[in-house]
Amino acid sequence: MKKNIFKSNGFQSLLASLLCIVLGLFLGYLVLLVINPAGAGEAILTVVKNFLTYKKTSSQLKYLGNTLVKTAPLLMCSLSILFAYKVGLFNIGAPGQYLISTMATLMIALSIPSSSVPTWIIWILAFLGGCLAGALWGALPGLAKACLNINEVLACIMTNWVAANLVTWMFDISNFKNTVENTKSGYIYKTSFNGVATPKLGLDKLFPGSQVNAGILVAILLAIAMYILMTKTTLGYELQACGANRHAARYAGIKDKRNIVLSMVISGALSGIGGGIYYLAGTGQYVLEKSILGMGFNGIPVALLASSNPIGTIFASLFISYIQVGGAAMQPAYSSETIDIVIAVIIYLAAFALLMRGIITKAVSGHKGKEGAAK
């Protein structure tokens, strides 16, 4: 019997995501139309046209390369949220885990003298340190959930704000602040200050003039690894079984408390890798302020846009990053606040991908039912 492509999960997820993207762009266009009717059409086309152009110019290649730099940490944060969601948990603590990893990564990368230790060893130590810091910070709400049955959302919110204040305080008392210029006292040194930076592996030749590096390759490989872990391994099955029904999983002999903690540890490690990848690029400066970075929160709509598929997060995070980087091309016709509103509308609509998929599934099932009744 020939399978109907319209009933396949993959096709319905892809169609739902595309519909949400188109709807988000349309609503973004309406916002621009209200603010500045004359340039609305050109502005929204500027954001997306490079993505659809086959022949890439040097400026477009630079634009795409810089987009890949933003994509890597966003991909890791979306994988973090997706992984926790797959095992029945909502890791809203990704921003805090990202922040703690940022602190650990930068401190390790800047404190070990490159004159005594090879820079590639410092890079590995800083990367692993950031990953471990994110994992430990993710374990806190996991332990609260498993041992005390405290809702992980509440625990994650608390750890987010603790991380924001802790990181600011630790950097404030450190000697890592960029005081070369008085205007930069609120910034932390880039890792390149100590000669530590992620290798480019020839990607700078593919995207000349951009800040692209091998971090995007690491993120893509980890996305594939997460797909294999969740769909092809016994551990992945146990984690998802525990998420589906904790009590039934325990009855089947699965250690539910251990799996809850382990899930949050892995989820926190993924967010931590995101922070490590971004700042180990050697081009990003951390701003010293008591705030929660939006990178972890942006991973939520990316995971939803990808319909909770690890491979889908690669393309969803690339699209969201492209829209965010492309917003700069709308200036000076529109203010930065207007651009942020448009981007927020598009990202917000991306979160309706699962709802849209449910509508499509219901429509296809209803159409099939009418065909069967007619026969």
Side-chain angles (χ1 to χ4, degrees), residues 69-85 89-107 127 129-145 150-172 186-188 215 219 222 226 263-281 284-306 308 313 316-317 320-321 324 340 343-344 347-348 350-351:
V69 175
K70 297 285 187 180
T71 300
L74 181 59
L75 173 55
M76 296 312 305
C77 289
S78 64
L79 282 174
S80 169
I81 292 166
L82 182 150
F83 183 82
Y85 177 77
L89 300 170
F90 187 28
N91 181 25
I92 203 172
Q97 295 146 19
Y98 185 92
L99 270 174
I100 288 294
S101 168
T102 296
M103 179 184 72
T105 299
L106 287 174
M107 285 189 167
F127 179 84
C131 177
L132 179 60
L136 292 176
W137 208 250
L140 297 179
L143 288 169
K145 172 72 173 181
I150 297 175
N151 187 281
E152 72 274 12
V153 174
L154 297 177
C156 284
I157 291 173
M158 296 302 296
T159 56
N160 280 344
W161 284 109
V162 171
N165 288 275
L166 177 63
V167 171
T168 301
W169 176 65
M170 290 295 292
F171 274 135
D172 194 45
Y187 290 78
I188 304 302
L222 286 171
M226 285 298 103
S263 300
M264 290 301 296
V265 166
I266 295 175
S267 185
L270 291 171
S271 295
I273 291 173
I277 284 177
Y278 183 71
Y279 288 100
L280 280 174
Q285 276 191 319
Y286 177 75
V287 183
L288 190 59
E289 57 183 1
K290 295 179 181 179
S291 63
I292 298 176
L293 300 179
M295 185 64 72
F297 290 122
N298 288 343
I300 298 174
V302 170
L304 294 174
L305 182 62
S308 300
T313 56
S317 57
I320 295 298
S321 298
Q324 290 175 326
D340 289 340
I343 293 173
I347 293 177
Y348 184 78

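Fair warning: this is a prediction, and the values are worked out from it, not measured in the lab.
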List in chain and number order the residues that pass salt bridge (charged side-chain N to carboxylate O under 4.0 Å, His left out) with K70, two or more places apart in sequence or in another chain; answer none if no residue qualifies. none
Check step by step if side-chain contact (heavy atoms from CB on, under 4.5 Å) holds for M226 and L82. CA-CA 10 Å; M226 285 298 103; L82 182 150; over 6 Å; no
Partner set under side chain to side chain contact (heavy atoms under 4.5 Å, CB included) for L222, not counting sequence neighbours: M76, V218, I273
Rounded to the nearest 0.5 Å, how far does OG1 of T71 lie from OH of Y278? 12.0 Å
For Y279, ring pair (Phe, Tyr, Trp, His ring centres under 6.0 Å) partners two or more places apart: none
Output for pair (L154 CG, I92 CD1), nearest 0.5 Å, gives 9.5 Å
Please tabulate, for the side chains in residues 292-302, all donor-acceptor contacts under 3.5 angstrom to protein atoms that are two or more places apart in sequence or on a different chain.
{"unit_1": "N298", "atom_1": "ND2", "unit_2": "G294", "atom_2": "O", "d": "3.4"}

From CG (N91) to CE (M264), nearest 0.5 Å: 4.0 Å
Which atom names give the shortest non-hydrogen contact between A219 and A72, and what distance separates them? CB-O, 3.9 Å
Sorted by chain and number, sequence neighbours left out, side chain to side chain contact (heavy atoms under 4.5 Å, CB included) with L140 holds for W137, T159
What do the steps show when you test K145 against I150 for side-chain contact (heavy atoms from CB on, under 4.5 Å), and what is the final call? CA-CA 5 Å; K145 172 72 173 181; I150 297 175; over 6 Å; no
Please answer whether the main-chain N or O of A155 pairs with a side-chain N or O of N160 as donor and acceptor at a distance below 3.5 Å. no
Nearest 0.5 angstrom please: F90 CZ to E152 CD, how far? 9.0 Å
Filter on salt bridge (Lys or Arg N to Asp or Glu O under 4.0 Å), then keep only pairs touching residues 74-85, sequence neighbours left out; what's left? none
Test of understanding: with side chain to side chain contact (heavy atoms under 4.5 Å, CB included), list the residues that count as partners of A139, not counting sequence neighbours. V265
Side-chain heavy atoms of I157 within contact of W161, under 4.5 Å: yes
Test item: L79 and F83 side chains (from C-beta on) under 4.5 Å apart, heavy atoms: no
Those residues at least two apart in sequence (or on a different chain) that pass side-chain hydrogen bond (donor to acceptor under 3.5 Å, both in side chains) with S271 are S80, Q97
Side-chain atoms of residues 98-107: list all donor-acceptor pairs with protein atoms under 3.5 Å, sequence neighbours left out, distances to 0.1 Å.
{"unit_1": "S101", "atom_1": "OG", "unit_2": "G130", "atom_2": "O", "d": "3.3"}
{"unit_1": "S101", "atom_1": "OG", "unit_2": "G272", "atom_2": "O", "d": "2.4"}
{"unit_1": "T102", "atom_1": "OG1", "unit_2": "Y98", "atom_2": "O", "d": "2.8"}
{"unit_1": "T105", "atom_1": "OG1", "unit_2": "S101", "atom_2": "O", "d": "2.7"}

Set out, in order, the CA-CA distance, both residues' side-chain angles and the distance that settles ring pair (Phe, Tyr, Trp, His ring centres under 6.0 Å) for Y286 and Y187, then state yes or no. CA-CA 6 Å; Y286 177 75; Y187 290 78; 9.3 Å; no
Between T168 and N165 (side chain of the first, backbone of the second, donor and acceptor by atom type, cut-off under 3.5 Å), is there such a pair? no
Please round to the nearest 0.5 Å and tell me the distance separating atom OG1 of T313 and atom CG of L74. 9.0 Å
